[in-house]
Amino acid sequence: MSRREGSLDPQADSSISPLPHLEAKIRQTHSLARLLTKYAEQLLQEYVQYQGDPFGLPGFSPPRLPVAGLSAPAPGHAGLPTPERLRLDAAALTALPPLLEVVRRHQAELNPRAPRLLLRLEEAARQARALAAGVEAVLAALGADETRGPRPEPAVVATNAAAAVTDAGVFPAKVLGLRVCGLYREWVSRTEGDLGQLVPGGPA
């Protein structure tokens with residue numbers, strides 16, 4: 001069986017059939033992403049529930065504060081080659097755990113009587129690491145895991161973000177948490193969609 005190096009895109013060649021171990025890894029990682037998409041939605045809803053007014057009020061539109069080291073998927077993300085999309089997914093998922101830990105620390109101070117929310121944030125960080133590792137394993141199996149330039153250390157970026165928000169006050173800290181939880185949902189969902197393109201019999 002032959003395939004173009006670094007590519008396993010069903011759109012490029014529908015006759016390509018992945019090796020059994022690769023197919024199993026893709027299915028396993030896609031199933032994890034699908035499960036975490038549901039969990040990410042639950043986390044976001046619970047986060048909003050504990051922030052008080054005006055969070056959760058109809059028509060409330062929080063400022064879209066930039067998050068150091070992480071942004072939402074670009075509008076052109078879906079048009080990129082599959083390996084490049086997965087690299088972006090893995091990079092975002094790697095950046096999320098330290099940011100989620102920053103949010104958990106803020107919430108431990110602001111909502112110490114919300115143990116389930118704190119646990120969800122802790123679990124989300126762990127799950128993001130697991131999904132990032134799964135995506136990187138798929139990339140390695142595709143032969144497309146080469147690094148594209150230096151990346152900032154996520155923990156350092158998150159520490160800087162935490163310091164800036166702590167100095168700014170309670171409301172910005174809550175908005176940062178909302179933004180991070182939203183980005184977690186967006187990137188997990190995006191990863192699910194990107195992996196779905198590789199699942200045999202999935203969307204073309």
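Not measured: the values here are computed from a predicted model.
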Trainee: When rounded to the nearest 0.5 angstrom, what distance separates CD in Gln42 from OG1 in Thr37?
Mentor: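 Rounded to the nearest 0.5 Å, the CD-OG1 separation comes out at 11.0 Å.
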Trainee: Can you get from Leu35 to Ile26 by hopping between Ile, Leu, Val, Met, Phe, Trp and Tyr side chains that sit under 4.5 Å apart?
Mentor: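 Yes: a chain of side-chain contacts under 4.5 Å links Leu35 to Ile26.
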Trainee: Drop me the distance from Glu136's CD to Thr29's OG1, to the nearest 0.5 angstrom.
Mentor: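 Interatomic distance, Glu136 CD to Thr29 OG1, rounded to 0.5 Å: 11.0 Å.
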Trainee: Distance-only criterion, 3.5 Å: show the donor-acceptor pairs between side-chain atoms of residues 48-58 and protein atoms not counting sequence neighbours.
Mentor:
residue: Gln51; atom: OE1; partner: Gln107; partner atom: NE2; Å: 3.2
residue: Gln51; atom: NE2; partner: Tyr47; partner atom: O; Å: 2.8
residue: Gln51; atom: NE2; partner: Gln107; partner atom: OE1; Å: 3.0

Trainee: I need the minimum non-hydrogen distance between Leu139 and Pro83, along with the two atoms involved.
Mentor: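 Nearest heavy atoms, Leu139 then Pro83: CD2-O, 3.7 Å.
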Trainee: Using the salt bridge (Lys or Arg N to Asp or Glu O under 4.0 Å) criterion, which residues pair with Asp194? Sequence neighbours excluded.
Mentor: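 Expected list: Arg85, Arg190.
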Trainee: Just verifying a value: how many Å separate Gln197 CD and His30 NE2, rounded to the nearest 0.5 Å?
Mentor: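 Spacing of CD (Gln197) from NE2 (His30) equals 9.0 Å.
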Trainee: Quick one: salt bridge (Lys or Arg N to Asp or Glu O under 4.0 Å) partners of Arg179, sequence neighbours excluded?
Mentor: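 Listed in chain order: nothing, the list is empty.
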Trainee: Determine the minimum heavy-atom distance between Ala124 and Leu43, stating which atoms define it.
Mentor: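 Ala124 and Leu43 have their closest heavy atoms at CB-CD2, 3.8 Å.
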Trainee: Working to the nearest 0.5 Å, report the span between CG of Leu183 and CG of Leu93.
Mentor: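 Answer for the CG-CG pair, Leu183 versus Leu93, is 11.5 Å.
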Trainee: For the pair Arg120 and Glu123, find out whether any cationic side-chain nitrogen is under 4.0 Å from an anionic carboxylate oxygen.
Mentor: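 Salt bridge absent between Arg120 and Glu123.
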Trainee: Could you state whether Phe171 and Val103 fall into the same hydrophobic cluster, counting links through intermediate Ile, Leu, Val, Met, Phe, Trp or Tyr residues with side-chain heavy atoms under 4.5 angstrom apart?
Mentor: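 Same cluster: Phe171 reaches Val103 through Ile, Leu, Val, Met, Phe, Trp or Tyr contacts under 4.5 Å.
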Trainee: In chain order, what residues pass the side chain to side chain contact (heavy atoms under 4.5 Å, CB included) check against Arg104, with sequence neighbours excluded?
Mentor: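 With neighbours one apart ignored, the set is Glu101, Leu118, Leu121, Glu122.
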Trainee: Can you sort out the partners of Ser189 under side chain to side chain donor-acceptor pair (under 3.5 Å), two or more places apart, ordered by chain and number?
Mentor: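 Scan of Ser189 (side chain to side chain donor-acceptor pair (under 3.5 Å), adjacent residues dropped) gives none.
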Trainee: Restricting to pairs with a member in residues 69-92, which pass ring pair (Phe, Tyr, Trp, His ring centres under 6.0 Å), not counting sequence neighbours?
Mentor: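 Non-adjacent pairs meeting ring pair (Phe, Tyr, Trp, His ring centres under 6.0 Å): His77-Trp187.
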Trainee: Under a 4.5 Å cut-off applied to non-hydrogen side-chain atoms, are Leu96 and Val188 in contact?
Mentor: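 No, too far: nothing below the 4.5 Å cut-off.
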Trainee: Distance-only criterion, 3.5 Å: show the donor-acceptor pairs between side-chain atoms of residues 60-70 and protein atoms not counting sequence neighbours.
Mentor:
none

Trainee: Scan residues 111-137 for pairs that pass ring pair (Phe, Tyr, Trp, His ring centres under 6.0 Å), counting only residues two or more places apart or in two chains.
Mentor: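 Those involving residues 111-137 do not exist here.
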Trainee: Please list all pairs meeting salt bridge (charged side-chain N to carboxylate O under 4.0 Å, His left out) that have one or both residues in residues 106-117, counting only residues at least two apart or in different chains.
Mentor: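 Output for this query lists Glu46-Arg116.
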Trainee: What closest approach, in Å, do Ala125 and Pro97 show between heavy atoms, and which atom pair accounts for it?
Mentor: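 Minimum heavy-atom contact is O-CG, 3.5 Å.
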Trainee: With sequence neighbours left out, what residues match Glu41 under side chain to side chain contact (heavy atoms under 4.5 Å, CB included)?
Mentor: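 Residues passing side chain to side chain contact (heavy atoms under 4.5 Å, CB included) with Glu41: Gln45, Arg185.
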Trainee: Find the distance between SG (Cys181) and CD (Glu186) and round it off to the nearest 0.5 Å.
Mentor: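 Nearest 0.5 Å value for the SG-CD distance: 12.0 Å.
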Trainee: To the nearest 0.5 Å, what is the distance between CG on Leu117 and CG on Asn111?
Mentor: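 Rounded to the nearest 0.5 Å, the CG-CG separation comes out at 6.5 Å.
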Trainee: Using a 4.5 Å cut-off on heavy atoms from C-beta on, say whether the side chain of Leu198 contacts that of Leu86.
Mentor: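 Yes, side chains in contact.
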